[in-house]
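A short worksheet on the structure shown next.
Ligands are counted one by one from 1 in listed order, and the atoms in each one are counted from 1 as well. Side chains included, hydrogens not; waters and symmetry mates left out as well; all remaining heavy atoms used.
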Amino acid sequence: MSIRKILATASAASLLGLAAVGAAGAETIKVGLVAPFSGPFAQYGGQMYAGIKAYFHLHGDEVAGKKIEIIRRDTGGSGPEIARRLSQELVNRDKVDFLAGYGLTPEAMASAPIAERSKTPMIVMNAATQSIVEKSQYVARVSLTTGQGSGVIGHWAAGEGIKTAVTLVADYGPGLDAEAAFKSTFTRGGGKIIESIRTPLNSPDFSPYMQKIKDLGPDAVFVFVPAGEQSIGFMKNYQSRGLADVGIKVIGTGDVTDDHVLPAMGDEALGVITGFHYSVAHKSPENEKFLKAFAEVNPDSGQANFMTVAGYDGMDAIFQVARALDGNIDGDKAMEVLKGMKINSPRGPLVIDPETRDVVQTEYVRRVERIDGQLHNVEFARFPQVKGDGDVSGEPLAM
Ligand code: PHB
């Protein structure tokens, strides 16, 4: 046999060997990351992935002797059909061990039945409608529910003497949850809702709603819109329509003052008060470590935000599962590990509710302030262990 032939045979054999290992899934743990990476919500996937990269930067991409392989799939927007097809392909063809990501509620809702049928753990890294966790027993959420921030800010606002509010929410799952949770705590505290406005999920024009709110003249407008471009759109219209000038305050969930787009806002955001689970201005050693790692591996990603943290924490959850199962991922066993799991998050302590598989976490009340020339959500009070419905009571704790 010629030397060339021997070498060719040897490398073919080693290639075959590698292929066999890959097919059995023995060497890697595969994670399918389904989210928008293009279109109007492109930053959602980008931020989650940036968070995962930050996690790998600090902890490596190997756990229990296996390498974590991330397979990114772009849904391109808010539609459920593409997300469902991508999740299905990831399960059937790529044989992923975990589904993860899900920026928007319709993506998660459409994909949960696939997790259920295939017994694939599905780690939700954003989609925030409370009922998502009920759609499959293989869903666990590490992000938020919109009810959490909304219930907290309703309770807080009523306690601060805000008497009347108009609500404005995006007209789909997380918006309707936000509206209901705010209404519940705000009216219980003595507040009155004058009007409830719902805006389209895609490309809303806020200006006519702003005029209406101005005419109604409430003490405050409570808002939930999907973070990003709509946060900017809402705040710009609030300013240009002169709501601030007539003393109507903005209160809401932290999506409207999303850390990632806050630097692109102007003084109109100053003083906006929100209820939320994460701020880049959160003071803790974990957050400092996270932000440093984020900046080192994502030099062009701008500022981190709550979706970055959810990607980071979601990867921590996957590492914890892999360690507990010694790298052999089984759907049912993985869910047992996820139930009651604690994560020492950059946002503060987080636990996955053993009953609902939903995130239970500290919610902060924050005010937008300018620090060293940059706008930040500065936390000044907190409610610990808030569940998905955001039903809080009593006095907030000091920071
Ligand atoms: C959602 O679709 O569930 C969603 C999207 C953007 C957010 C929050 C929730 O900022």
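Identified under the salt bridge (Lys or Arg N to Asp or Glu O under 4.0 Å) test for residues 264-286, with sequence neighbours left out: Lys236-Glu268, Asp267-Arg370.
The cationic group of Arg347 does not satisfy the cation-pi geometry with Phe306, failing either the under 6.0 Å distance to the six-membered ring centre or the 45° limit from the ring axis.
Aromatic ring pairs are classed by plane angle as parallel below 30°, tilted from 30° to 60° and perpendicular above 60°; the pair Tyr55 and Phe319 is perpendicular.
If you check the side chains of Thr146 and Asp177, you find no donor sitting under 3.5 Å from an acceptor. Side-chain atoms of Arg366 and Thr274 include a donor-acceptor pair closer than 3.5 Å.
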Would you tabulate the polar-atom pairs, meaning N/O of ligand 1 against N/O of the protein, with distances under 3.5 Å, reported to 0.1 Å?
from	atom 1	to	atom 2	distance (Å)
ligand 1	2 (O)	Thr105	N	2.8
ligand 1	2 (O)	Tyr172	OH	2.6
ligand 1	3 (O)	Thr105	N	3.4
ligand 1	3 (O)	Thr105	OG1	2.6
ligand 1	3 (O)	Ala128	N	2.8
ligand 1	10 (O)	Ala227	N	3.0
ligand 1	10 (O)	Asp255	OD2	2.5

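In summary, the aromatic rings of Phe294 and His57 are positioned with their centroids too far apart to meet the 6.0 Å limit.
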